[in-house]
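What follows is one structure encoded as structure tokens, with my remarks underneath.
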Amino acid sequence: MSPIIDRLKREIRAAKDPSLRAELSACLAGSLARAGRFEESRQLLDDLRTNFGITGDSRVSVRIILAEGIRHYYGGCSLEALDRLSRAQLLAVGMRDDVTVAQASAWKAQLEFEVCAFDSMAKSLTLARSRAAPTNHDAWARLAILLSAAFEFCGDREQAQHWFIRAHEEAVSGGDLASIEALQHNRAAFRISTLFVEQCFGDIDAELRDRIRIEIGSAIGMQALTGVEVLTNEIELAKARYLILDGRYADAIDALRAVRDSPPFAIHNFRPELIDLTIGYCQFRCGYAEAALEVCAEVDDRALEQFDIDDRLTAAWMRWFLCLADSRFGDAATMQSQLDRARGAYVEQRRHLSEILAPFKLP
């Protein structure tokens with residue numbers, strides 16, 4: 001059991017004021033969602049809305065909305081999560097509730113980073129940092145987790161490590177096992193994701209690849225230790241990508257198929273067309289060209305164009321590789337042009353994000 005969940009339950013039992021008890025219960029609902037206990041979280045929030053939804057208690061309302069945002073975030077419903085988090089942020093600003101402003105803004109920034117809305121993310125980060133008191137461990141842990149991942153994405157591993165340490169300190173201080181697990185997960189997932197993209201530019205760092213394998217194992221071990229049941233599929237996707245980078249294509253096919261059939265995934269983190277294309281690529285590397293042709297023929301090119309920049313680059317690189325190796329997959333010169341454009345867009349995206357992150361560098 002998470003210490004933060006235990007603590008909240010104790011505080012709820014001890015609370016005499018109904019409004020305070022409701023606030024704490026909303027916080028508990030958010031913590032339950034972060035632990036993957038979605039049904040418990042949903043039921044608790046439903047009960048709170050029934051009992052406090054018409055009382056006009058603004059502090060309870062904003063806590064309920066924030067908890068709903070967190071539940072939707074971990075349940076894979078990005079649009080609903082962004083709506084709730086934005087509303088919680090706006091209401092908390094109007095109430096001058098700095099604790100909730102910082103927490104809602106930090107969570108909103110996390111989601112904005114994941115959907116590559118970097119300019120909005122910077123505003124949310126700045127607001128969260130300006131309102132987060134030193135004792136607001138929840139907000140600071142979320143901020144630090146995000147900044148560690150963002151600097152990792154930009155290739156600044158020194159800053160990523162600084163914020164990783166800060167995130168761990170904040171999570172421990174808050175008794176927040178879910179944040180500690182998320183920290184382990186984010187480092188493994190973003191490092192393997194970044195390395196997966198780097199293969200589109202040339203040879204990868206084999207030593208870093210092998211270190212990431214250990215980090216993936218640590219993330220899985222932390223999930224088992226904490227009992228946190230969210231983000232499991234994303235770790236499985238990270239494992240599949242590691243297998244590809246390690247040249248174990250047959251094992252990767254099995255892993256990718258398992259991932260494809262195991263929701264929930266946020267749409268910005270999971271593209272079934274990219275999974276299918278990756279399976280086709282792995283089949284070709286295993287010598288199953290006919291099977292790869294059949295799989296790749298089913299992939300909708302229009303869907304590929306809607307991917308995030310890093311996923312578009314990965315897709316373009318795999319398609320270019322296949323076309324270069326076997327003309328039945330398409331024209332290699334055309335795919336080379338698409339690959340060059342995707343590379344340029346990715347480099348520009350990282351440059352833009354690096355500029356945005358400059359004010360958040362630690363000495």
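C116 is linked by a side chain to side chain contact (heavy atoms under 4.5 Å, CB included) to F118, D308, Q349, counting only residues two or more places apart in sequence or in another chain. For D83, the side chain to side chain contact (heavy atoms under 4.5 Å, CB included) criterion is met by R87, not counting sequence neighbours. Judged as a side chain to side chain contact (heavy atoms under 4.5 Å, CB included), and not counting sequence neighbours, the contacts of V172 are H168, I180. Every side chain to side chain contact (heavy atoms under 4.5 Å, CB included) that E40 has, sequence neighbours left out, goes to L32, R37. The side-chain hydrogen bond (donor to acceptor under 3.5 Å, both in side chains) check on S148 picks up nothing, with sequence neighbours excluded. Applying the salt bridge (charged side-chain N to carboxylate O under 4.0 Å, His left out) criterion to R191, with sequence neighbours excluded, gives E152, E215.
The main-chain N or O of S337 is never found under 3.5 Å from a side-chain atom of W320 such that the two would form a donor-acceptor pair. Checking side-chain atoms of R21 against main-chain N and O of A15 turns up a donor-acceptor pair under 3.5 Å. In terms of modelled atom types and a separation under 3.5 Å, the side chain of R343 and the main chain of C200 share a donor-acceptor contact. Between the W163 side chain and the A150 main chain, no donor and acceptor come within less than 3.5 Å of each other.
The distance from atom CD of E170 to atom CG of N136, rounded to the nearest 0.5 Å, is 8.5 Å. Distance CG/L362 to CG/L147: 8.0 Å, rounded to 0.5 Å. Here the straight-line distance linking atom CZ of R34 with atom OH of Y74 works out to 5.5 Å at 0.5 Å rounding.
Ring pair W317/F196: centre-to-centre distance not below 6.0 Å.
Salt-bridge check for R42 with D46: passed, with a basic side-chain N closer than 4.0 Å to an acidic carboxylate O. Salt bridge annotation for K239-E236: present, with a cationic side-chain nitrogen under 4.0 angstrom from a carboxylate oxygen.
Of the candidates Q103, E23, E68, R63 forms a side chain to side chain donor-acceptor pair (under 3.5 Å) with just one, namely Q103.
Residues Y346 and I192 share a single hydrophobic cluster, defined by chaining ILVMFWY side chains whose heavy atoms lie under 4.5 Å apart.
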